[in-house]
Amino acid sequence: MAEVNYKQDMPPKGGYAPIVFQNIPVKKYFNGYTMFAGFAAITSFSFYMYYQNFKRRRLLKIERQDAINALEPILLAERDRSYLKQLRRNVEEEAELMKNVPGWEVGTYYGEPIYKTVPKEKLLDPILEEYYAHTSEKAYDDKANEFLWR
Amino acid sequence: MVSKVVQRNLNEMSFIRTPLTDFFGCLGASQGNLRCRDLELNMMNCLEAYGLRNGSQNCINEIDDYKECRTLNKQRKRVEAMQKERLRQYKSGERSKSNLYAEPPKLDSFYDYIPEP
């Protein structure tokens, strides 16, 4: 029976270190009062910065509103101008179109006025169908199904 | 014969008044309609002067104007007649294809001035 050379694994000298099983609390940097104080400090600084930004944004808003106020009359005037121009163009187109139709007068339905008691000088705004009466159906559909965000 | 418009506005002259009369009275009127409010007031003034029975004959113009303003029937028929005439001219050869339709108006030039009542 031959002798076998081997070394038995044994614990280190002096034994293993003891197993840590008790709760080790995290080191506390702040106590409660410090945290309240820190909260108050950070919040007040944030409010200060917020107020600075708020003042700046308010000035920007006023500037923007000034620009809108300056531009709006001219934009409205241009819109009304092109509206009236288009009404005149519609009248001319109708006169040219219906010149051969017997009994047709411009602005009437075979000589019969649309409104009997409204004086001729008064403009009652036409509906969309009449405004687009002489254009193609596609142009009318583009306006009738117009999206405001386009 | 009393027209439907007159009959509808009878609500506002009703003999028995309850709190709900005024609450639902606005439904028959078109005072919120910028386009028809003056025509409706004209009609009501005329009916007030003549009374209901004589007014339905004497105020026929005002009543018809108000009806036309609410229904827009005559205006739509007018547009239809013009478009029909345009297509007829195209089919009979009086109008070329390039000349078939007029230039469309600028897209933002029309603003809907007629709020729905």
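Proteins come first, then strands; the chains are lettered A, B, ... in the order of their sequence lines, and each starts at number 1.
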For the pair A:K85 and B:K106, evaluate side-chain contact (heavy atoms from CB on, under 4.5 Å) and give the outcome as yes or no after the intermediate values. CA-CA 10 Å; A:K85 270 182 161 180; B:K106 285 183 186 169; over 6 Å; no
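Counting all heavy atoms, side chain and backbone alike, B:F110 lies closest to A:I127 at CZ-C, 4.1 Å. Of all heavy-atom pairs spanning A:Y131 and B:S109, the tightest one is OH-OG, 2.8 Å. Scanning all heavy atoms of the two residues, the minimum distance from A:T135 to B:P104 falls at CG2-CA, 3.4 Å.
A continuous path of ILVMFWY side-chain contacts below 4.5 Å connects A:L128 to A:L123, so both sit in one hydrophobic cluster. If you chain together hydrophobic residues whose side chains sit under 4.5 Å apart, A:Y29 and A:M35 fall into the same group. Clustering ILVMFWY residues whenever any of their side-chain heavy atoms sit less than 4.5 angstrom apart, transitively, puts A:F36 in a cluster other than the one holding A:F47. A single hydrophobic cluster is seen to contain both A:Y140 and B:L107, as judged by linkage of ILVMFWY side chains at heavy-atom distances under 4.5 Å, directly or through other members.
Each side chain to side chain donor-acceptor pair (under 3.5 Å) pair with one or both residues in residues 64-73 of chain A, not counting sequence neighbours, appears once here: A:Q65-A:N69.
A:E93 contributes atom CD, which lies 12.0 Å from atom OH of B:Y101 (distance to the nearest 0.5 angstrom). In this structure, A:L97 CG and B:R86 CZ are separated by 5.0 Å, a value rounded to the nearest 0.5 Å. To the nearest 0.5 Å, atoms CG (A:L124) and CD (B:E68) are separated by 10.0 Å. Atom CD of A:E94 sits about 11.0 Å away from atom CD of B:E85, to the nearest 0.5 Å.
For A:E129, the parts lying near chain B are the backbone and the side chain together; criterion is any non-hydrogen pair under 4.5 Å. When heavy atoms are compared at a cutoff of 4.5 Å, B:D108 approaches chain A by way of both its backbone and its side chain.
Enclosure of atom CG in A:L59 by more than 12 non-hydrogen atoms of other residues, nucleotides or ligands within 6.0 angstrom is indicated. Surrounding CD of A:E96 are more than 12 heavy atoms belonging to other residues, nucleotides or ligands, all under 6.0 Å away. More than 12 heavy atoms of other residues, nucleotides or ligands sit less than 6.0 Å from atom CZ of A:R89.
Of all residues in residues 74-83 of chain B, those placing a non-hydrogen atom less than 4.5 angstrom from a non-hydrogen atom of chain A are B:K74, B:Q75, B:R76, B:K77, B:R78, B:V79, B:A81, B:M82, B:Q83. Contacts between residues 89-98 of chain B and chain A, defined by a heavy-atom separation under 4.5 Å, are made by B:Q89, B:E94, B:R95. Chain B is approached within less than 4.5 Å, heavy atom to heavy atom, by A:Y109, A:Y110, A:E112, A:P113, A:I114, A:Y115, A:K116, A:T117, A:V118 from residues 109-119 of chain A, ordered by number.
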